[in-house]
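Input: a single structure, listed below in structure tokens.
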2 protein chains.
Amino acid sequence: MKVVIIDDDKLVSMSLKTILESATGITVEAVGNDGTEALGLYEKHRPDVLLMDIRMEHMTGVEAARKVIAEYPDAKILFLTTFSDDEYIIEALEIGVRGYILKQDFEGLIPALEAVQQGQTVFGGKIVGKLPGLLQESLSFDYEAKGITQKEYDIIQLVAQGLSNKEIAAKTFLSEGTIRNYLSTVLEKLDLRDRTQLAVFYYQNGGR
Amino acid sequence: MKVVIIDDDKLVSMSLKTILESATGITVEAVGNDGTEALGLYEKHRPDVLLMDIRMEHMTGVEAARKVIAEYPDAKILFLTTFSDDEYIIEALEIGVRGYILKQDFEGLIPALEAVQQGQTVFGGKIVGKLPGLLQESLSFDYEAKGITQKEYDIIQLVAQGLSNKEIAAKTFLSEGTIRNYLSTVLEKLDLRDRTQLAVFYYQNGGR
DNA sequence: TAAAAGATATGACAAATGTCACTTACATTC
DNA sequence: GAATGTAAGTGACATTTGTCATATCTTTTA
């Protein structure tokens with residue numbers, strides 16, 4: 001199996017190289033230390049698996065992977081992650097990356113590579129458990145950025161549960177007229193027409 | 001690595017046994033041919049990985065896995081699937097199963113087992129690509145079962161896009177009054193009060 | 001063929017909704 | 001202390017919405 005490694009931490013990439021070459025049947029064809037090298041090295045060596053850090057300086061692993069897959073849709077890319085890389089995971093999944101494995105997990109590395117070579121997708125450790133939550137977050141809308149206050153947001157949530165103004169008033173101990181006023185400004189801020197559009201907006205932007 | 005195999009097709013389980021035992025470091029501790037045997041064999045042998053068919057006669061692999069994991073939350077279960085087992089996949093994911101691999105994929109089997117033993121999760125072939133779609137379907141509501149007709153459902157979808165009755169009428173070439181009537185019966189059938197609750201219902205039951 | 005069922009439509013009505021102009025009360029700031 | 005800002009409220013108004021009774025026309029069924 002031919003592997004190309006890309007990681008901007010030379011200590012990591014060298015350790016990986018050592019580990020991999022001690023295994024039979026694996027050749028490390030090249031080691032790059034920047035996402036910008038990914039496409040070039042992939043083209044030159046056509047490795048079975050491209051093992052790449054997801055968080056790097058000049059170009060993130062995700063961007064690099066996107067370029068490689070654009071040219072070679074069947075490229076098998078395995079990301080190295082730490083626990084703090086949540087933000088990239090969904091994006092990477094959409095691109096069609098073949099897996100994520102924790103940097104710390106030396107024992108798991110070789111079986112993971114082999115599984116990926118066989119066309120499978122591998123998720124290290126507890127990453128799978130995080131997926132449902134991440135999928136939602138990735139869609140979530142930044143109401144604060146549109147100038148929606150906390151109280152307004154509370155009302156949005158109640159509308160998005162299908163409550164009438166009267167019911168919302170009862171729940172919040174405000175008058176029905178006040179609810180109407182709040183709702184009116186919310187609709188304007190979000191450029192919507194009525195409460196139904198608000199509920200639709202809510203659910204199409206990550207609400208549940 | 002100790003493995004227990006469960007598959008109600010003896011031809012399959014025996015082939016698997018042969019393949020696995022030809023590999024160094026793998027012992028097949030037991031072979032069961034029914035989901036009901038899963039928990040017993042797991043308790044007796046405590047394998048590193050439980051390799052189980054997902055579709056079986058008396059008890060599905062999913063049910064069997066649920067029982068095993070209830071007793072042994074860290075149990076590593078790898079499912080054998082065919083392309084037609086979509087319906088079980090989401091359910092199995094929720095239980096905390098460690099992967100799915102296609103029965104046909106003999107080469108991938110051993111690396112997959114090793115990756116699972118190392119604590120990773122493995123998805124064979126194109127299963128990952130199906131996940132987003134399946135996640136949605138798993139939530140989807142059976143409008144037909146509530147007596148919703150096709151035309152009514154069309155209107156539900158338009159309401160769930162935030163359109164007014166007038167707009168829906170224009171789109172469907174029906175009169176606004178007719179739309180109101182349709183909507184009225186839809187609300188009754190689903191036991192809802194107004195269009196906003198309908199939109200909420202739609203999105204909370206698998207719509208997008 | 002007659003009756004039943006289905007699709008579409010109308011008009012009337014009450015309730016809910018969204019907008020607007022304006023007020024009151026309280027706290028913060030200058 | 002006056003000015004400003006914010007939170008909450010009121011009343012009026014036009015629209016939209018949901019319900020209901022009823023009508024017309026077509027298709028299916030008995």
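The sequence lines fix the lettering, A, B, ..., with proteins before strands; numbering per chain opens at 1. Quick caveat, the model's predicted, so the values are computed rather than measured.
The residues A:R193 and B:E167 are annotated as salt-bridged, a charged nitrogen and a carboxylate oxygen being separated by less than 4.0 angstrom. A salt bridge links A:E176 with A:R180: the closest approach of a Lys/Arg side-chain nitrogen to an acidic carboxylate oxygen falls below 4.0 angstrom. Ionic pairing of A:D53 and A:K103 is present here: one or more N-O contacts between side-chain nitrogen and carboxylate oxygen are shorter than 4.0 angstrom. Between B:E29 and B:R46 there is no salt bridge, since none of the side-chain N atoms of the basic residue sits less than 4.0 Å from a carboxylate O of the acidic one.
Side-chain N or O atoms of B:D8 include one that pairs as donor or acceptor with a backbone N or O of B:E57 at under 3.5 Å.
Among residues two or more places apart in sequence or in another chain, the ring-ring contact (aromatic ring centres under 6.0 Å, His included) test is passed with A:Y42 by A:Y72.
Contact annotation: B:Y182 side-chain N/O to C:dT8 OP1/OP2 distance is under 4.0 Å.
In plain terms, the two heavy atoms of B:N165 and B:R195 that are nearest each other are OD1-NH1, 3.0 Å.
Look at CZ on A:R195: it is 11 Å from P on C:dT19, rounded to the nearest Å. Regarding B:Q197, its CD atom lies at a distance of 13 Å from the C1' atom of C:dA16, rounded to whole Å. Separating the CD atom of B:E152 from the C1' atom of C:dT8 is a distance of 13 Å, rounded to the nearest angstrom.
For the contact set between residues 161-181 of chain B and DNA chain C, defined by any heavy atom under 4.0 Å, the members are B:L174, B:S175, B:G177, B:T178, B:R180, B:N181.
In this structure, the side chains of B:I54 and B:V62 come closer than 4.5 Å at one or more pairs of heavy atoms.
Counting 5' to 3', DNA chain D first comes under 4.0 angstrom of a heavy atom of chain A and last does so at the ends given by D:dA7 to D:dA12.
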